[in-house]
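Throughout, numbering of the chain's residues begins at 1 and tracks the sequence. In this text the structure is predicted, and so the values were computed from the model without any measurement.
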Amino acid sequence: MTTALRVPEELSARVPAEQRGPGLDRDAVRLLVSRGTEVSHHEFVELPRLLRAGDLLVVNTSPTLAAAVDGHVGHARVVVHFSTWGDDGRWAVELRDPDGTGTTRARAGGPGGTVVRLPGDVGLVLEEPLSAHSARLWWARVSAPAGPDEGPDVLGLLREHGRPIRYAYTERDQPLSAYQTVFALPSADGAGSAEMPSAARPFTARLVAELVSRGVQFAPVTLHTGVASAEAHEPPYPERFAVPEASARLINAAGAGGGRIVAVGTTAVRAVESATGPDGVVRATEGWTGLVVTPERGVRVVDGLLTGLHEPEASHLLMLEAVAGRAAVDRAYEEALRGRYLWHEFGDVHLILPAEGPHTAQGGSDCW
């Protein structure tokens with residue numbers, strides 16, 4: 001992304017679309033469409049007419065958690081953002097300072113051994129950084145109280161005392177329902193995303209029904225997103241994902257039949273590309289993925305992408321370049337700024353479609 005682009009503060013979407021005027025629904029956002037370097041301007045409700053029978057949308061079913069909880073370190077107030085639930089029972093967390101306006105600002109991570117007191121006499125002990133390259137996120141162990149046969153009920157803590165993660169560009173707190181997409185499904189283990197898979201937010205049940213009636217298919221996958229780096233724009237950390245057998249078959253069949261595989265959100269790209277072999281075949285897969293989609297790695301099965309608008313420094317833009325190419329992304333963002341599109345999770349969306357037919361690119365596997 002060209003460094004000359006800067007997003008004015010007034011282009012941050014401060015409230016959800018349905019709160020901007022009477023009679024509006026979630027789909028009352030704008031849609032920028034890229035086909036190579038050709039750009040056109042639409043409303044999101046036009047999406048069914050921009051896709052065609054045989055196309056397939058890959059959607060993330062992960063529900064959003066109320067992942068922000070107030071706590072104390074000594075006498076100092078902090079806000080804990082619960083990011084990722086590890087296999088060993090620990091949680092990757094980010095500690096932030098309240099800014100006095102209902103949102104938070106960055107806080108130095110650690111040190112190891114820091115104890116955070118949380119509601120309900122729950123304790124949180126920071127143990128080690130999640131990454132050797134950054135001290136923003138830490139693995140932390142949660143202490144009692146616990147259920148009779150299990151460890152501390154962190155998900156119960158989030159349900160009772162948590163709220164959705166909110167950043168400074170938003171106007172006010174929103175209910176958790178404002179951060180759930182129409183595709184969100186409860187997980188069997190209660191897991192979910194620390195931040196909403198927001199590219200799918202503009203979809204309504206009515207719009208999904210219209211897409212289905214026009215022959216567009218849907219393939220559900222799951223990727224539980226961690227806490228994004230609001231300030232540092234770090235690459236994504238490993239995240240839990242699952243591509244079920246039925247979805248793998250749908251994606252493979254659609255591609256073989258000439259349909260375009262369009263991922264709804266960067267999380268859906270990460271999930272489906274993590275389940276795709278060097279031969280371009282998607283296979284049922286679940287576990288953790290450390291895949292970072294870059295122009296060098298390329299994409300193997302995804303032909304298009306529906307996504308929000310990202311900051312010019314965001315690591316997500318490398319994924320957009322992998323799908324569309326640098327020139328196309330630069331052109332689209334110049335048009336988005338010129339057209340006064342709105343940024344962030346409550347903002348407008350960008351549909352990247354191939355200029356020609358479906359394509360594949362070779363690359364290595366990063367699943368683990």
Side-chain angles (χ1 to χ4, degrees), residues 1-21 24-32 44 64-70 77-83 94-107 136-137 162-181 193-202 225-236 265-267 306-317 319-320 329 332-350:
M1 171 60 59
T2 176
T3 57
L5 292 182
R6 290 293 180 266
V7 181
E9 185 177 341
E10 64 267 21
L11 294 187
S12 294
R14 295 175 59 77
V15 295
E18 63 272 20
Q19 297 178 17
R20 295 178 199 148
L24 297 181
D25 206 338
R26 288 172 171 234
D27 55 14
V29 298
R30 299 169 69 194
L31 177 64
L32 184 75
F44 188 74
T64 308
L65 301 175
V69 179
D70 292 324
R77 291 180 58 229
V78 297
V79 177
V80 180
H81 287 176
F82 283 82
S83 179
E94 179 186 26
L95 268 58
R96 295 178 68 89
D97 290 321
D99 62 4
T101 66
T103 55
T104 61
R105 56 179 176 264
R107 172 190 176 94
R136 182 177 65 90
L137 288 172
R163 60 185 180 277
I165 290 174
R166 175 189 159 207
Y167 291 114
Y169 50 77
T170 56
E171 184 175 291
R172 57 181 176 268
D173 286 346
Q174 298 287 343
L176 184 59
S177 60
Y179 291 89
Q180 303 294 5
T181 75
S193 289
E195 296 182 0
M196 172 177 55
S198 56
R201 192 185 190 279
T225 68
V227 174
S229 171
E231 291 83 17
H233 302 295
E234 300 158 351
T266 57
T267 62
L306 180 71
T307 183
L309 294 165
H310 305 284
E311 295 285 355
E313 306 87 358
S315 61
H316 292 303
L317 289 173
M319 182 183 291
L320 271 63
V329 175
Y333 272 62
E334 290 167 0
E335 280 294 305
L337 286 173
R338 185 178 296 115
R340 309 286 294 174
Y341 280 68
L342 296 180
W343 256 250
H344 303 305
E345 66 265 32
F346 297 139
D348 298 317
V349 283
H350 179 200

Reported CG-to-CE distance for the pair Leu176 and Met196, which is rounded to 0.5 angstrom: 10.0 Å
Which residues share a side chain to side chain donor-acceptor pair (under 3.5 Å) with Arg172, sequence neighbours left out: Gln19
Arg20 and Glu18 ion-paired at < 4.0 Å: no
Pairing residues for Ala336 by the side-chain contact (heavy atoms from CB on, under 4.5 Å) criterion, not counting sequence neighbours: Leu32, Leu309, Tyr341, Trp343
For Val349 against Pro202, the heavy-atom pair lying closest together: CG1-CG, 4.0 Å
Close side-chain approach of Gln174 and Arg166, heavy atoms under 4.5 Å: no
Glu9: side-chain contact (heavy atoms from CB on, under 4.5 Å) partners, not counting sequence neighbours: none
Side chain to side chain donor-acceptor pair (under 3.5 Å) partners of Ser193, counting only residues at least two apart: Ser62, Thr225
Which residues share a side chain to side chain donor-acceptor pair (under 3.5 Å) with His81, sequence neighbours left out: none
Qualifying residue, where the test is side-chain hydrogen bond (donor to acceptor under 3.5 Å, both in side chains) with Glu345 and the options are Tyr179, Tyr169, Tyr167: Tyr169
Spacing of CD belonging to Gln180 relative to OG1 belonging to Thr64, to within rounding of 0.5 Å: 4.5 Å
Side chain to side chain donor-acceptor pair (under 3.5 Å) involving Arg107 - partner list, sequence neighbours excluded: Asp97
